[in-house]
Amino acid sequence: MLDQPNAKKQKLVILGNGMAAGRVMDELFARAPDRYDVVVFGAEPRVNYDRIMLSPVLSGEKAYDDILIHTDEWYATNKVDLRRGELVVAIDRVAKTVTTQSGAVEAYDTLIIATGSKPILIPVPGAELPGVVTYRDLDDVNLMLDAAGKGGHAVVIGGGLLGLEAAAGLAMRGMTTTVVHLMPTLMERQLDPNAAYLLQKAIEARGIEVLTGANTAAILGDTCVESVRLDDGRTLTADLVVMAVGIRPNTALAKLADLNVKRGIVVDDHLRTSDDNIYAVGECVEHRGQCYGLVAPLYDMAKTLAATLAGETVDGYIGSTTSTKLKVTGVDLFSAGDFAEGDVKDEIVLRDPARGIYKRVVLRDDRIIGAVLYGDTADGSWYFDLLKKNADIGAMRNALILGQAYQGGVALDPVAAVAALSDDAEICGCNGVCKGAITQAITAHGLTTLDDVRARTKASASCGQCTAKVESLLAATLGDNYSAAGRKPMCKCTDLTHSEVRGFILSKELKSVPAVMQELAWKTSCGCPSCRPALNYYLLCAWPGEYADDAQSRYINERVHANIQKDGTFSVVPRMWGGLTTPDELRAIADVADRFKIPTVKVTGGQRIDLLGVRKEDLPAVWAQLNSAGLVSGAAYAKGLRTVKTCVGSEWCRFGTQDSTGLGVKLERFMCGSWAPAKVKLGVSGCPRNCAESTVKDIGVICVESGYDIHIAGAAGLHVRQTDLLGHVDTEDEAIEYIAAFMQMYREEAGYLERVWKWVENAGLDKVRAAIMDDADNRRALLARFEKSQRAVRRDPWAERAAGREQHEFTPLATLNSIIAVPAE
Amino acid sequence: MNMTMVPSNDFWFDVGPLRAIPQRGARTVKTPRREIAVFRTASDEVFALENRCPHKGGPLSEGIVHGRKVACPLHNWIINLDDGEASGADKGCARSFPVKLENGRIYLNMSVAAAP
Ligand code: SRM
Ligand SMILES: Cc1cc2nc3c(=O)[nH]c(=O)nc-3n(C[C@H](O)[C@H](O)[C@H](O)COP(=O)(O)OP(=O)(O)OC[C@H]3O[C@@H](n4cnc5c(N)ncnc54)[C@H](O)[C@@H]3O)c2cc1C
Ligand code: SF4
Ligand code: FES
């Protein structure tokens, strides 16, 4: 329908003068400048400005004037009647009018609701105190600037996009700033844990403290905020609290007017609400079940809406794919789409630890479905474009991660690539070692192993990322004389061996799984079932008390502290210290077996009693009852200390030379709870007749008249191996000290899943013997580290679980008894 | 009256909030016909499979979740979460069920989950 020049102009009223309203007007006036008389109500007492640039205003990198979208002149030129500072409080859909807070009434022919979102306030005590602000508009920024002017402490609740931008701004304005984030990693909705690790490092490098996994319990203060209390009891001083935990579509008016509202105001593909004369646009809407919190979708919506209002026939709005960037100067991150944790097959990962770069493109059927980039985001828009177009990237897959600039070239063969490099090409970024230096060192000094090259040139000695390249260089230079045997990478996620990874964890002070993976250039985003449990153990061993165990990187047995059986039930083995038990303990075991109808009770090969066939749901209750009789977990499932088998020894036996039972009990009490690379079993025999089979245990003691012979590295499983003698000691105290020191050395040096005997064979018996028997300082240091790590694990896992910890492991998510059934027709 | 199940999209049962399952973890949903394992990946995707490994019936809900896969706790078969297929050389398939996530809650399609 064409406009009639003489007809009375239609009246268009817009509620809200934010980014969506502004864009609709721009698009509309470009199409049909004179079609409507336009009245805009804006609750904010100002013209339209670029909300997304508030952070640079807060930080001081921009002024308010720099971020204006529409100036006063613009409203005049376009004959837009702007009612600034006027809050609309009601819509009368029958009379087709809106009413403002001041009582003014305005009629409309067509109404657009563009009221945006409201920040979510977490309902904690003290949330209403002066000094608590949200982050949405210029008034909020001004409040923050006032507070910042006085200096002091700021606490930002929420480690998402807004929270981090606010924190960065406040820190730049000189406030001591802390970010409190509920989830374990920052921006978890946009970033995977690896990118989040780098981001946290960058945020912390600005002097901002980041507390993750931190739940706000209360905001405290008499007349204005003074502190924030977390639910773990910590209290943070605060002169200003910024709540940036999320937004909620601002739908109050629409609800009041009885429009169809779910999470947002429901609109169709032409942005029409359930009332034909009312449209809605921007963050307040819900379209095809989706609400948005970014500007790109509202730009798309504004186009469709403006065209519709201009009377054009247009294809509807079909929804938007969004991408995120963080506007903190010096932090480059980009994320788009679905970056579900992939695996080797459907993701491509590139890490450059020296430059702090992490790039990950997630694929499905040769199409990009997500991308996370940190440190180098130049190709973000290229990936995003390929994603939106659903383009087939099969042909460029090999070089995809290198970015747009590398496309069209020949596919890269990494080996050939290294060989073809010029002599001055840098191989090791960390230490700045070039190819020529390495090949020259290999020939001049007759180097034959990776370790030689590391010692001589430092190449591959810092993060290990260039290990594969250095190895190819060795192979190229030495030809057949080079054999890589003996160096077995941990798994397909890395070129480094177990012991190299352990070394770097200590030397580079890596304290989390994402830290290890980033700084050691893991080739996958999140590891695999083979490296995850290993890394979890290495970190636990390196940083006792500090590293938080990752239950999801453990096998089920260690997660629920029981052994899974073939039918999905579990077996429970209480500790019997040194094989000793009492009538009371036996009664308690019998009672538990009766009460929980446990089908099988068996004496194990390790001198204790196994309750087999326990239902998983019953485990906490079984534990509670065993606990109350003083029984604790026997760790029959653990990569850690299992049983200490003993014989009766001097207390009863006519041949006994020492109290083997007593020593066994002391050893078990001292060492229980300790995690190790693999299971560790001990035996203590009272004389060389060796009734406790000590000479096939990981650590065995044979008591003799003159004291104690300590044996190590026995085995009686798939492989049978008699122990080697570590040495002789005279007293019981010494025996405990030497054994614990040996255990710690094994804990620190063996590869994950490497039993004691294997490790000793690899490390060399002489070396182990010298370290424990001859080097007293070293032995005492090992003992001290063992004691420290034991302090961190001296808790009974059963007691914790009976008290409710990890409850999700033992209860179904839901039990559905009645199924909805409908009669057949 | 003869009661039968009619496949329909409307039988989405709310089985609980996403946060009730640890990331890279799983929980079970018991139904009269079968036990279903609901998995949550590191990036908060959810998948539902019958809680029985195609190899020897191991409870998949107790395996280590990595990417869109789970390693069976009994003999380490690797099962795809999206279609239940065993990967690599192993052959077999755990039945998968429609599941969706809305506003932080998990919904299982019971008309499929309860069908024989
Ligand atoms: C219960 C028990 C058998 C019994 O009924 O007596 C047993 C049961 C299992 N053993 Fe054992 N072993 C038991 C004593 C032994 C012994 C004898 C001993 O400890 O004195 C050995 C030989 C000694 C040794 O370890 O060198 C033994 C060598 C093995 C091995 C071979 C290890 C190896 O490195 O060669 C395995 C397989 C493995 O660990 O990968 C194994 C694995 C297992 C597993 C964990 C198999 C599995 O993964 O499910 C069984 C768990 C059953 C359960 O749920 O409780 N079990 N196993 C014994 C528990 C002892 C305890 O009180 O803790
Ligand atoms: C600090 C900050 C940084 C951001 N950074 C980015 C970014 O980098 N990238 C990105 O894509 N997005 C970013 N966003 C989000 C982006 O600003 C929003 O998506 C966008 O502003 C939404 O536009 P809107 O018009 O729907 O809502 P708004 O821009 O919020 O506009 C709504 C307006 O309506 C007014 N109003 C509400 N109710 C009434 C009423 N009853 N009567 C009259 N007026 C009313 C409000 O006062 C407000 O001015 C950021 C947001 C903030 C706060
Ligand atoms: S010997 Fe074999 S069958 Fe017997 S308990 Fe050990 S692992 Fe199981
Ligand atoms: S039952 Fe799952 S791998 Fe054997």
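Side chains included, hydrogens not; waters and symmetry mates left out as well; all remaining heavy atoms used. The chains referred to below are lettered A, B, ... by the order of the sequence lines, with proteins before strands, and numbering in each begins at 1.
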Checking heavy atoms, do the side chain of [X], its backbone, both or neither come under 4.5 Å from chain B?
X: A:D567; answer: neither
X: A:R189; answer: neither
X: A:Q290; answer: neither
X: A:Q807; answer: neither

From [X] atom [atom1] to [Y] atom [atom2], the distance as rounded to the nearest 0.5 Å:
X: A:L813; Y: B:R40; atom1: CG; atom2: CZ; result: 11.5 Å
X: A:K566; Y: B:K56; atom1: NZ; atom2: NZ; result: 7.5 Å
X: A:E188; Y: B:Q23; atom1: CD; atom2: CD; result: 8.0 Å
X: A:K262; Y: B:N103; atom1: NZ; atom2: CG; result: 10.5 Å
X: A:H808; Y: B:R19; atom1: NE2; atom2: CZ; result: 13.0 Å
X: A:C528; Y: B:K69; atom1: SG; atom2: NZ; result: 12.0 Å

Practice task
Without swapping roles, check the side chain of A:Q552 against the backbone of B:R24 for a donor-acceptor pair under 3.5 Å.
Solution key: yes
Which heavy atom of [X] sits nearest to which heavy atom of [Y], and what is that distance?
X: A:I369; Y: B:R68; answer: CD1-NH2, 4.1 Å
X: A:A814; Y: B:V15; answer: CB-O, 3.6 Å
X: A:G568; Y: B:P59; answer: CA-CG, 4.1 Å
X: A:R559; Y: B:S61; answer: NH2-O, 4.2 Å

Handout entry: Over 12 non-hydrogen atoms of neighbours within 6.0 angstrom of CZ in B:R52
Key = no
Problem - Heavy-atom neighbours of A:R248 CZ exceed 12 at 6.0 Å - result: no
Practice task
Among B:G63, B:P22, B:P73, single out the residue with the greatest number of heavy-atom pairs under 4.5 Å to chain A.
Solution key: B:P22
Exercise for the section: Check each atom of B:I36 against the heavy atoms of chain A and say whether the ones under 4.5 Å are side chain, backbone, both or neither. Expected result: neither
Exercise for the section: Would you mind checking which part of B:N76 comes under 4.5 Å of any heavy atom in chain A, side chain (CB onward), backbone (N, CA, C, O), both or neither? Expected result: neither
Exercise for the section: Please determine, by modelled atom types, if A:T811 and B:R27 share a side-chain donor-acceptor pair under 3.5 angstrom. Expected result: yes
